[in-house]
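So that the names make sense, note that chain A is the first sequence line, chain B the second, and so on, each numbered from 1.
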Amino acid sequence: MDKHNSSELLSSDFSLSKNASSDSLDSDSKSSSLNSKHGQDSPHVLGDIQLLDGEKVTSVARDVTYLCPYSGPTRGVLKVTNYQLHFRPTDPSATLGTLSVPLGVVSRIEKVGGASSKGENSYGIEIFCKDMRNLRFAHRQENHSRRGIFEKLQQLAFPLSHRLPMFAFSYSESFPEDGWHVYEPIAELRRMGVSNDMWRITRINDKYEVCDSYPSIWAVPSAADDDLLRSVATFRSRGRIPVLSWIHPNSQATITRCSQPLVGVSGKRSREDERYIQLIMDANAQAHKLFIMDARPTANAVANKAKGGGYESEDAYQNADLVFLDIHNIHVMRESLRKLKELCFPQIDQSKWFSGIEASCWLKHIKCILAGAVRIVDKVENHKTSVLVHCSDGWDRTAQLTALSMLMLDPYYRTLRGFQVLIEKEWLSFGHKFQLRIGHGDERHSDADRSPVFVQWVDCVWQLQQQFPTAFEFTERLLITIVDHLYSCRFGTFLFNTERERVKEEVKTKTVSLWSYINSRQDLYLNALYWGSSSGATSPSSPYSRPPVVLVPVASLRVIKLWKALYCRWNPIMRQQDPIYQRSRELVALRAQLEAAVAAAAGDHAAKQHRRGLTPPRVASPHHV
Amino acid sequence: MNEKKLVQNFKSYINVSSSKEEKNGTIQEVKPKLLTGELVTGVAHNVVMLTPLSERDHGRLGSVFVTNYKLSFVPLERSQQDECSQRNHLLGPHDVPLLAVGAVWLTDGGPVRRRRLMPCGDMPGKVKGLQIICKNMKVITFSFTTAPMHSGRKIALSLMHHAFPKRHHLLFAFEYHEPYYPTLPSELNMFQRPGDWKRELERCECPHWRITCINGTSDAFMLTAGETLIVPNSVLDYNLVESARHFRSGRVPVWVWGRPEGAALLRSGELLPTEQAPTAESVLLEQIRRSHPKLTPPQVLYLCGNSFTTTGSNANILPPLSSLQASFKKLMDLCTPTKLSGFWVQDAQYHSVLESSKWLRHVATCLALADEAAHHLARNVTVVLQEGEGVDYSAVVSSLTQLLLEPHWRTLVGFQSLVQKEWLALGHPFCDRYGLPSPGNPKETREQSPGQVAPVFLLFLDCTWQLTRQFPASFQFTETYLTTLWDCTHNQIFDTFLFNCSRDRELAYTNKKNQQSFVPVWDWGEQFSEQDKALFYNPLYAMSAKPSNVTPNRSSIISSPNKQAVELPRLEPCTSVAGTELWSQCYERWLLPLDVPHAGDVQYHVFHYAVLKEIQQLNEKLNSLSIFSNRQSLGGSSASGAEGPGDRTAVSRFYPFSRSRGPAAPALDAMQLSAIDAASLLDSLSLLNAPD
């Protein structure tokens, strides 16, 4: 029997392999999954445009040439909808050349060449994307053939700059599960055992008046009353006071997060802030110390004093140890990823590949963040000491560090759902400025507030995943899907900067959550190697069981790898032809079928013994149970 | 655990302090395990073997022995850490065969190197410590500060004397006389006799080629190859002898592989700068063309460039051997930090050093050349590989090409046959490349012929590893097999890699003192248990045992879909440097900070072994049930009663080369699978597919 048979057999039950192979993430990235409904991307509609609910074609340009950097020019039809840019080759055999790019990915659109430009394909438009690629289209050099599509693209790709609604507000697909219910702050705190003796839940920020970039619900030391919280807020940048991120179920050591104290050049102090920090330390009976992890390089922290910020002096905070983690700011990271893009797209210069990686410093930054998180994990897990994490504003590097160390400490966050909770909590509710950092629908492509902070964190998660292949319930496919929809603006999840804005814009009622989409087809993202997954998954697993291991990654460049499946995915030669996790799935599927067959055969056997030869045999397939 | 250590992820061994008190205490003596024919030539007791990558005072106390076969450390107290998952019957966990000793450095007793010791160089009166850099990148550091006077010097002298033999017959293979009962599989083709070549020619169904044994006669012209050569039918032996004068080492193009449709793969040496050389070449190429049923002219690939013809198209050129060796040295430096601080210093510039070593570039070039050759052959065009003396890169590229083209070579036995054919029968000069004296050609020092030493075979293994990584289900063997094979090339018990050519080997066979035969490395049972051998087999291979299973390759995405009908399915590897990776298991396995439990790609293997075992069990169950019933479903009871993977034991990144550190050494149940047989799996598929 050949392989064809076996894969068919496997997909009859699982339909994994089929979906996977027509999906952008695994094989062909040009026919992106971004515009597809799960499981509906069957080949017969591949060539033509498939519209989402609420999507409308607004502009069509025929006789356009897509200048693919890898397979050369292809002629076809370019369509623009309110969600995507869609290109279909005229030659029906070239369906693989179909291109579907959500407009949210577009960072900048430029005209190339003029009406009098010489040379083939010299007149057209170039689109610069946030996902590490550029697209070039060539138009016929007559009648301003590109004007219509260019103007439509400008409008629809940057709705915010044109006072138009984001696509997420038009998109209306319904899913069996509402992803907006994935994260319930009270339930998550309860999972961690809060409230308890030492920590209480407060709704002081219910109207987002104490801190407009924080969530409405906080967990704070029980001993701190609301007045204290209010006065601490005046001493912390933007009112982002230390609140609980995570608490160790046994030792009660905590991870708390905040922004920098407003020390300034004169070295101001706040009795209330000092007392409050002391209360955080006191809430953990196991240690007489508190570690304050300042994510910044020392020099940056010092420089911030000039702007009224700064760091905790060890004189004022007697029992606190201050550690600088030396992670650079958003501008450095943006520049680093830009260099990486130059290295990966479109062509790779083989002679400078490794030195290019080094020169981009991207992996060095990843190493720094991982090492920082490992230090936090070490303090919390091994020394039972509480850790307070901050940077300047506490919404970029702080979120990276807290979310990463929580992922290392608590296996719950390594499940498919737990990971969603982690993002909702540490990133979204604590006000990582997604709108500013990504620039959804905003044409100001060189805005200094843009930075790949979240993508960098996802990269760190991937590093953990590839270092510990059995530790995560989900595969890298989930991470890539999240990154894709971080830009796509199809879902409301990553829109706006803060919880307050999302409430005001009624995101939960007017848009669809990314988690609705993902959770409707969980099987696509599950990791066959996950230690918790076994054939008999029926046993009720405690949601807060301690991990067999706290993940402690090796923060060495020998082990930290470039995430080629994300950064180099547009280059066909860089795609893994035979991904190993796919093979794991096939094995697991085969096992499941055999189990079913054995069960069926055993039942059959027993029944036969029971009533030998009395009834005619029932015909049924043994493995569709 | 103290803070610094956790941050750097370093787990320490037990801390045996090399305190001074031991010096006056009684010297406890332990004994090494010796093989028959093995003699101890140097001993030092109360020696501390420092923990790799520690700063100073971590280590273990024991005795060091130098024998005529190995350098051995026997710890005073046995511990869990003495066990590595892979156990070798011939070597203990702290033993190194003498041929694996690369460089020996004097130290002050700590990890800091003072001076390199050269064979036949002078020896200082006092040796406080020695650091040995093994060829497989293991670093061993001994401190003699607690040992009796002069014992350090004795060890150093003995080691320098025996690890760098001057005459070939001093190699331990000539002393070893353990009885050996060959148990090699019959499918393993050793390519030693004319019949072996005939078998291969028939297997490939190539009627236009013939066997000649002229090279076994007094007319021999290709002294470094065996007696059997395969040449075009139309070439007369006389012509061969004539043409050979124009090729380096008489290396006229010879057939190594072919396909029934007519295309063949040939290897040859470079042309000599004689006047008639180009004519001789074109005559032979014409004969080769005539051996193709379609008379398609052959493609010549000049692996190291070509001074005669200008080939603008071929940008991929392999470097001179000396550059390859230099490249390997840099790689070695990168993978053998001696101190933890050095490890972290290297980390900061890891990628630029990796690039400057150019090792991965050479790997990528080999893959690209093999891909090019395979591309032609798949389109039924004959390929002639031409290079230097036709024994180095042509062996690499030729072997890789065959791996890409024919699934047969991707089996374990097939791979071993491939090595026998391309590397041994066709005479890759292992002695010269490994810096050993060759028979009848004593060497004053190894450094005497610096241009000759180069890790060509390792380059091939590395390329093969890259392929196994890119096509995880296409090879029957695992990276553990490849790593083990590399280790074995430095183990002089086996004769496989001990000779320059088959002529030398034949001579040694007849001259060996006792009547014992040599042991080929392929008899893995000589070294490893069934459990360890099971790790050589790729569990995923069983799933895709059929050759047709090549995933849709990317050329179908890029290029036009119309292809010739004769196109052979093949693996199309990514040949960009960006697609290569450092072979971590092989080069970095001794770096303890990286060897973390639950980490690394080995977890996939462990998982696959476990699932496959369950599948086998289910299969047996199903078979036994099927005997009684004719399989009609009644649905019903759930299968959850079947054993799950259960408690998967945590293995570390470099399993099975990791030292165990937990209280219980992982005795993986799943590893007790014997060689997994593809048939049983296919069996299960057919059972499931059988019509009801």
Report the relative orientation of the aromatic rings in Tyr567(A) and Trp563(A); use parallel for angles under 30°, tilted for 30 to 60°, perpendicular for over 60°. perpendicular

* Salt bridge present between Arg469(B) and Asp601(B) (N-O < 4.0 angstrom) -> no

**Message:** Any donor-acceptor pair under 3.5 Å linking the side-chain atoms of Ser352(B) with those of Glu358(A)?
**Reply:** yes

Answer key: most heavy-atom pairs under 4.5 Å with chain B among Cys344(A), Ser355(A), Cys568(A) is Ser355(A)

Okay, Leu591(B) and chain A: the region with an atom under 4.5 Å from a heavy atom over there is side chain

Given 3.5 Å as the limit, does a donor-acceptor pair link the side chain of Gln463(A) with the main chain of Lys561(A), or not? yes

Answer key: most heavy-atom pairs under 4.5 Å with chain A among Ser356(B), Ala348(B), Gly579(B), Ala599(B) is Ala599(B)

Cut-off 4.5 Å, heavy atoms of chain B, and the answer for Leu343(A) is neither

Per-residue tally against chain A (heavy atom, under 4.5 Å) across Pro472(B), Ala364(B), Ser584(B) peaks at Pro472(B)

Okay, Ile580(A) and chain B: the region with an atom under 4.5 Å from a heavy atom over there is both

Ignoring hydrogens and angles, tell me if any N or O in the side chain of Arg569(A) forms a donor-acceptor pair with the backbone of Ala565(A) under 3.5 Å.
no

Between the NE2 atom in His362(B) and the CG atom in Leu331(B), the distance rounded to the nearest 0.5 Å is 10.5 Å

Whatever's closer than 4.5 Å to a heavy atom in chain A on Gln349(B) counts as both

Under 4.5 Å to a heavy atom of chain B? For Val559(A) that would be side chain

Would a distance-only check, ignoring hydrogens and angles, find a side-chain to backbone donor-acceptor pair under 3.5 Å from Arg591(A) to Leu612(B)?
no

Under 4.5 Å to a heavy atom of chain B? For Leu557(A) that would be both

Answer key: most heavy-atom pairs under 4.5 Å with chain B among Gln350(A), Arg558(A), Lys367(A) is Arg558(A)

